[in-house]
Amino acid sequence: MKVIETKAGLKSWVNKRKAEGLTLGFVPTMGFLHEGHLSLIRQAKTENGAVIVSVFVNPAQFGPGEDFDRYPRDLPKDIRLAESAGADAFFAPSPKEMYPSEIGAVIRAGRQAERLCGKSRPGHFDGVLKVVTKLFHLTGADRAYFGQKDAQQLAIIEKFVQDYDFPVTIRRGATVREEDGLAKSSRNIYLSDRERMEAPALYEALKLGREAVLEGRDPVPAVRRHIENNTSGTIDYVEFLSYPELQEKPEGTAVLAVAVQFGKARLIDNLLLHLKENPHASNDAEF
Ligand code: PAF
């Protein structure tokens, strides 16, 4: 696996692979890789001739007072893990390399960013779109891989790519969970021992919410109650919205999404439900 730190180095590697006729899969990450990332890398490897993984903690998507400075970082371990999962190139640029000068035009996420994390973290998805635009151009990827755990991010990027005719196909990866149901996340490291014991309640709550939907009830109260009764965290949101539009009164596919602030860790999780079919059929292993 080739470790690359500059845009010029990446371009030259990409050009060589394209000249060899290989298709390119791309897995963008902010590092501190876990099984969720590795499953995306493996998926990319089965669908492409070569795979690029990027690790870049993108300052543009963190708001004031958020965890940019303390976001967990372990590049040597990430390099080992990415290689073991089958990556061919590992792009880890510095902020200066990515953003050498002030950007002259802004990209602003639209309606899909008005609720959920977009509401709690103003400007977050603008920053995500800024960096993925650059990364899509730099990698020239045929396919890019994003996890369902960040369902709002995935919906926004899919629409952005479609609206602006980016020549890349977005591929979805199922949420990977710990044995007790906690969704894998780089931010789980912030949890205290007690919070770690409580955190599986998010997924339990979502599953109770799914039962409520099956019985024709609003799932939000059941989800809230379970989280409030079983964790010390503070609920940021529990919402039941159409997917991927992320608007009220879902009819076809819906997302039931939660965000909970524990001491240092803000955890998110969600379930997608196909309302016209049997919502049981739509667990998070199939999208
Ligand atoms: O999901 C993430 O880790 C980030 O938002 C992404 C897509 C790598 C952009 O910085």
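Numbering of ligands and ligand atoms starts at 1, following listing order. Below, each value reflects all heavy atoms present in this structure, side chains not excepted, and no hydrogens, waters or symmetry copies. Predicted model only: the values in this text are computed from it and were never measured.
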Output the list of atoms in ligand 1 that are nearer than 4.0 Å to some heavy atom of [X], sorted by atom number.
X    : value
V131 : 9 (C), 10 (O)
Q153 : 1 (O), 2 (C), 4 (C), 5 (O), 7 (C)
T29  : 8 (C)
F146 : 7 (C)
Q61  : 4 (C), 5 (O), 9 (C), 10 (O)

Using modelled atom types only, decide if a donor and an acceptor are shared between the side chain of [X] and the backbone of [Y] within a distance under 3.5 Å.
X    : Y    : answer
S12  : A8   : no
H124 : G118 : no
E97  : K7   : yes

(request) Let me know which of I170, N48, V53 forms a side chain to side chain contact (heavy atoms under 4.5 Å, CB included) with Y145. (result) N48
(request) Please state whether the rings of F136 and F146 are parallel, tilted or perpendicular, taking 30° and 60° as the class boundaries. (result) perpendicular
